[in-house]
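Here is the structure we will look at, set down as C-alpha cells.
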Amino acid sequence: MGIDLKAGGRRVGHKSSMKKVKSNNPYTKLLIKLYKFLARRTESKFCATVLKRLHMSKVNKPPIGLHRLAKYMSKKEGKTAVIVGKVTDDVRMLECPSNMKVCALGFTETARRRIEGSGGECITFDQLALRSPKGSDTVLLRGPKSREALSHFGHSVSVNNPHTHTNVKPYVRSKGRKFEKARGRRRSRGFKV
C-alpha cells in the first residue's frame, strides 16, 4: 500500500520548530545559542528543556503570578525557581516570601520590587548558566496555559467575514443587557454573527 497523494498527500509542516529561531528578540537568540551549547556539551535534561521552551511562541510561554510562584516554592528553600516566561505581580498576596531566588525571561516592575524587597533576587538566564550550568538546585516551573486572556485572542468576527473565529470573546466593558447585545448579536436585531 502506498500513500494516497490525492486524498491526504505527504506530511508537510510537521518538522520541529527548533530548526529555525522565529523570535526577533536578540536576547532570546543569544540565550538559544547559549542553551543549545549547554544542552549539547553537558547532556543535561534541564538545559534541553529550557532550550525547547525558549523556542516556544509567546502563547506557549505563559506568565506566572507571584502567588502561584510562592506556593510552588513553599518547601524548597535554597533552590532557584526557573520560569521560561514572565513573572507578574499578584496584588491579592499581601506579603512576598523572603529569600526567594527567581530566574525568568522578564519581571514586571512591581513583581521585581516585591521579590527584591523581601530579600530575594531576580536573575537572568545567562546568570543562571554561570551559577548552575546543569540546572542543579533549580525548580523548573511554568504558568497556567488556560488563561482567561486566551479566549480573546484571534480575529474577531465581522460582517464582511462572519466565520473567521466564531469563539473569540470580545472585550466588553460589562456582560449586562445593555452591552453589545443588539445588532449583530441577535437574530431578532438584524443579524447574528
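Only heavy atoms go into these numbers, but all of them, side chains included; no hydrogens, no water, no symmetry mates. Everything numeric here is computed off the predicted structure, so don't read it as measured data.
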If the plane angle is over 60° it's perpendicular, under 30° parallel, otherwise tilted; pick one for F46 and Y35.
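Perpendicular, since the angle between the ring planes exceeds 60°.
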
Looking at every heavy atom in both [X] and [Y], which two are closest together, and how far apart are they?
X    : Y    : answer
M93  : P97  : CE-CD, 4.1 Å
P133 : C47  : O-SG, 2.9 Å
A104 : G85  : CB-O, 3.5 Å
R114 : L94  : NH2-O, 3.3 Å
K181 : G176 : CG-O, 3.6 Å
S23  : K29  : O-CE, 2.9 Å

Working for side chain to side chain contact (heavy atoms under 4.5 Å, CB included), residues L54 and L105
CA-CA 9 Å; L54 282 169; L105 284 178; 3.9 Å; yes

Enumerate the salt bridge (Lys or Arg N to Asp or Glu O under 4.0 Å) contacts for [range], please, sequence neighbours excluded, ordered by first and then second residue.
range            : value
residues 92-107  : D90-R92
residues 34-56   : none
residues 124-133 : E121-R131

Hey, does N60 have a side-chain heavy atom less than 4.5 Å from the side chain of K145?
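Yes, their side chains come closer than 4.5 Å.
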
Taking the side chain as every heavy atom from C-beta outward, state whether S132 and T138 have any pair of such atoms under 4.5 Å apart.
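Sidechains of T138 and S132: in contact.
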
To the nearest 0.5 Å, how far apart are CZ in F125 and CG in L30?
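With rounding to 0.5 Å, CZ (F125) is 14.5 Å from CG (L30).
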
In Å and rounded to the nearest 0.5 Å, what is the SG to CD distance from C96 to E116?
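The CD atom of E116 is 10.5 Å from SG of C96, to the nearest 0.5 Å.
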
Does [X] belong to the same Ile/Leu/Val/Met/Phe/Trp/Tyr cluster as [Y], with side-chain heavy atoms less than 4.5 Å apart forming each link?
X    : Y    : result
L140 : I115 : no
L34  : L128 : yes
V50  : L141 : no
V84  : Y27  : yes

Are L51 and I32 close enough, and set up right, to give a side chain to side chain contact (heavy atoms under 4.5 Å, CB included), and what steps lead you there?
CA-CA 6 Å; L51 176 66; I32 287 173; 3.9 Å; yes

Side chain to side chain contact (heavy atoms under 4.5 Å, CB included) with K61: which of M56, R142, H55?
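Going through the options one by one, the only one that passes is M56.
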
Between the side chain of T42 and the main-chain N/O of L38, is any donor-acceptor distance below 3.5 Å?
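Flag set: sc T42 to bb L38 pair under 3.5 Å.
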
Tell me every residue that passes salt bridge (Lys or Arg N to Asp or Glu O under 4.0 Å) with E180, counting only those two or more places apart in sequence or in another chain.
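By the salt bridge (Lys or Arg N to Asp or Glu O under 4.0 Å) rule, E180 matches no residue at all.
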
For K169, check salt bridge (Lys or Arg N to Asp or Glu O under 4.0 Å) against everything at least two apart and list the hits.
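Expected list: E148.
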
Ignoring hydrogens and angles, write down the donor-acceptor pairs under 3.5 Å from the side chains of residues 65-83, residues two or more places apart or on other chains.
| residue | atom | partner | partner atom | Å |
| --- | --- | --- | --- | --- |
| S74 | OG | K71 | O | 3.1 |
| K76 | NZ | Y72 | O | 3.4 |

Carefully, step by step, assess F107 and K86 under the rule side chain to side chain contact (heavy atoms under 4.5 Å, CB included).
CA-CA 5 Å; F107 296 87; K86 197 168 196 172; 5.9 Å; no

